[in-house]
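These notes are about the structure you will find just below.
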Amino acid sequence: MDFEKYKEYLISFWMPEYEAQHSIRELMAAGWNILLNEVFSPLIEKELGMRYLGNRIWADDYSEHRRRVLSLFQPTDLGGCFKWGWNYDFVPKMVGGKAVYVRTDKSIFPHFFENAFENHNKEDERFKKSQDMFFDRCTIDIADYEESMKKKVKQHTDAFYKTLPLIRTFYEETSTYE
């Protein structure tokens, strides 16, 4: 993976007189979006068969009036975890005081969902919320840039694979209409 393109998205919050003394930088949101797409899209396509729609959302095609959706859930602007669920083509949402259907890639969101942040404090060890289900966009060490970016990619990849069993279980358990 080529990490050079991310250098333009690094920002320092140090005062100018102290910046040279500190090698820690933060990845701006625009750079993080590129990283998320580059890291997660191949994994999500391979493991779940979903494609990237933009705006931190992946989905597959409609089948039986619904489609699987996976998106980034951000409790803060500095990090996140996954949110997964179903989008139904027959359930409207309110927009500007009118009910509209959510049937396009641009308007998609999960109507019925779970996420690692709020929904997983279950007894089963596989489903317990843990720090390794989360990823952040902060702290890139420019003194060891390549290694720091590799660690960031590994953190993101590990979070996906830690959450993947939960995602699969959710879709298996909710895949049939009762």
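Not measured: the values here are computed from a predicted model.
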| task | Using the ring of Y88 (Phe, Tyr or Trp, six-membered ring only), decide whether R66 places NZ or CZ under 6.0 Å from its centre and within 45 degrees of its axis. | result | no
| Are side-chain heavy atoms of W32 and H156 found at a separation under 4.5 Å? | yes
| field | Exercise: identify the closest heavy-atom pair between Y6 and G31 | value | CE2-O, 3.5 Å
| query | Using 30° and 60° as the class limits, which term best fits the ring planes of W14 and H22: parallel, tilted or perpendicular? | reply | parallel
| Is there a donor in the side chain of N37 and an acceptor in the side chain of S41, or the other way round, less than 3.5 Å apart? | yes
| Are I11 and I140 grouped together when hydrophobic residues (ILVMFWY) are joined by side-chain heavy atoms under 4.5 angstrom apart? | yes
| said: Is it true that, when you exclude K154 itself, more than 12 heavy atoms of the residues, nucleotides or ligands shown sit nearer than 6.0 Å to its NZ? | reply: no
| Side-chain touch E146/F3, heavy atoms, less than 4.5 angstrom | yes
| query | Is the side chain of R25 donor-acceptor paired with the backbone N or O of K7 at a distance under 3.5 Å, no angle test? | reply | no
| task | List the atom of Y52, the atom of I57, and the distance in Å for their closest heavy-atom pair. | result | CD1-O, 3.5 Å
| Do Y9 and I34 touch side chain to side chain, with heavy atoms closer than 4.5 Å? | yes
| said: Rounded to the nearest 0.5 Å, what separates atom CG in L36 from atom CG in N55? | reply: 11.0 Å
| request: May I have the step-by-step check of ring-ring contact (aromatic ring centres under 6.0 Å, His included) for W86 and Y171, ending in yes or no? | output: CA-CA 9 Å; W86 295 99; Y171 288 129; 5.3 Å; yes
| query | Do the side chains of W58 and L43 join up, straight or via other hydrophobic residues, at under 4.5 Å, putting them in one cluster? | reply | yes
| At what distance, to the nearest 0.5 angstrom, does CE of M133 lie from CG of L164? | 10.5 Å
| request: Determine, stepwise, if the pair D144 / K151 fulfils salt bridge (Lys or Arg N to Asp or Glu O under 4.0 Å). | output: CA-CA 11 Å; D144 193 6; K151 285 180 184 176; over 6 Å; no
| request: Would you mind reporting whether R56 and S71 have side-chain heavy atoms less than 4.5 Å apart? | output: no
| Worked check of side chain to side chain contact (heavy atoms under 4.5 Å, CB included) between V102 and V91 | CA-CA 7 Å; V102 211; V91 178; over 6 Å; no
| task | Report the distance from atom CE of M28 to atom CG of L10, rounding to the nearest 0.5 Å. | result | 8.0 Å
| query | Shortest non-hydrogen contact from S148 to D141? | reply | OG-N, 2.9 Å
| field | Interatomic distance, T104 atom OG1 to N87 atom CG [nearest 0.5 angstrom] | value | 9.0 Å
| field | Linked, directly or transitively: I142 and L35 (ILVMFWY side chains, under 4.5 Å) | value | yes
| request: Mind checking the CD-OH spacing from E147 to Y145? Nearest 0.5 Å is all I need. | output: 13.0 Å
| said: Count I, L, V, M, F, W, Y as connected when their side-chain heavy atoms are under 4.5 Å apart, and connections chain through other members. Are M50 and Y62 then in the same cluster? | reply: no
| message | Quick check on side chain to side chain contact (heavy atoms under 4.5 Å, CB included): which of D158, V153, L72, T163 does F135 satisfy it with? | response | L72
| message | Here's a test for you: under side chain to side chain contact (heavy atoms under 4.5 Å, CB included), which of T157, V39, D136, L27 qualifies with K152? | response | D136
| query | If you take all heavy atoms of V69 and P110, which pair is closest and at what distance? | reply | CG1-CD, 4.0 Å
| query | Which class fits the ring pair F90 and H65: parallel under 30°, tilted 30 to 60°, perpendicular over 60°? | reply | perpendicular
| field | Heavy-atom check, side chain of I108 versus side chain of R67, under 4.5 Å | value | yes
| said: If hydrophobic clusters are built from ILVMFWY residues whose side chains come within less than 4.5 Å, do F170 and F134 share one? | reply: yes
| Working for salt bridge (Lys or Arg N to Asp or Glu O under 4.0 Å), residues R51 and D61 | CA-CA 9 Å; R51 69 185 184 287; D61 294 326; 2.9 Å; yes
| Pairwise distance CZ(F13) to CD(E26) - rounded to 0.5 angstrom | 4.5 Å
